[in-house]
Amino acid sequence: RKGFSGFGKNLGENIQVSNANVKQSREFENTLTQGKAVQIRYFESVIGYLINENWSSTIDLGFIWREQKTTNTSNMNNMLMIRLRTNLYNQYFDL
């Protein structure tokens, strides 16, 4: 769970926002979990198969499910992914 800022307010959830742009003095006295209550659920599952042991190359199939709920709205995202991955490194040394 986290506190969610309303429109036009900075209650501290976005650390990229500068304090120099704050328009109201009340926005400086922030506490944890203030603002609109948001509940986030996240689930990730990955299964893989080793293709080549010498190159450490794998193929993975993954699924991500994310749900964000506030009192008024509910957003749900699903992502299915296929990934080809290797673990190569340079073994050439110039002396």
Side-chain angles (χ1 to χ4, degrees):
R1 300 189 126 199
K2 72 172 193 169
F4 183 71
S5 300
F7 180 74
K9 289 190 174 186
N10 176 22
L11 298 178
E13 77 179 42
N14 188 355
I15 62 170
Q16 302 295 327
V17 175
S18 172
N19 284 339
N21 297 332
V22 175
K23 297 180 178 108
Q24 298 175 355
S25 62
R26 279 296 288 156
E27 292 180 355
F28 284 109
E29 299 169 1
N30 297 331
T31 60
L32 291 175
T33 66
Q34 74 181 19
K36 189 187 298 185
V38 176
Q39 185 175 16
I40 297 174
R41 296 179 181 167
Y42 181 86
F43 173 75
E44 181 175 358
S45 178
V46 178
I47 188 167
Y49 177 74
L50 181 63
I51 297 173
N52 188 338
E53 192 173 334
N54 294 334
W55 293 356
S56 189
S57 60
T58 60
I59 188 163
D60 298 335
L61 177 65
F63 177 74
I64 296 176
W65 175 79
R66 183 183 186 273
E67 182 181 27
Q68 178 177 333
K69 281 186 179 180
T70 61
T71 54
N72 304 5
T73 62
S74 176
N75 296 327
M76 186 169 55
N77 299 320
N78 297 318
M79 183 182 357
L80 185 65
M81 59 185 164
I82 298 174
R83 174 175 52 197
L84 179 63
R85 182 170 49 178
T86 63
N87 189 13
L88 300 176
Y89 58 95
N90 189 3
Q91 294 181 356
Y92 174 76
F93 299 105
D94 192 11
L95 298 176

For the [atom1] atom of [X] and the [atom2] atom of [Y], what is their distance to the nearest 0.5 Å?
| X | Y | atom1 | atom2 | answer |
| --- | --- | --- | --- | --- |
| F43 | N78 | CZ | CG | 11.5 Å |
| N75 | I40 | CG | CD1 | 10.0 Å |
| R66 | M76 | CZ | CE | 12.5 Å |

field: All pairs passing salt bridge (charged side-chain N to carboxylate O under 4.0 Å, His left out) where residues 40-56 contributes a residue, at least two apart
entry: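 Every salt bridge (charged side-chain N to carboxylate O under 4.0 Å, His left out) pair that includes a residue of residues 40-56, provided the two are not neighbours, is R41-E67.
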For a quick test of your reading: what N or O donor-acceptor pairs under 3.5 Å do the side chains of residues 56-65 make, sequence neighbours left out?
residue	atom	partner	partner atom	Å
S57	OG	N52	N	3.3
D60	OD2	R83	NE	3.2
D60	OD2	R83	NH2	3.2
D60	OD2	R85	NH2	3.1

- prompt: CG of L50: more than 12 outside heavy atoms within 6.0 angstrom?
  reply: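 Enclosed.
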- prompt: Hey, is CD1 on I47 packed in by over 12 heavy atoms from elsewhere, all under 6.0 Å?
  reply: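 Not more than 12 within 6.0 Å, no.
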query: Hey, mind stepping through M81 and V46 against side-chain contact (heavy atoms from CB on, under 4.5 Å) and telling me if it holds?
result: CA-CA 9 Å; M81 59 185 164; V46 178; 4.3 Å; yes
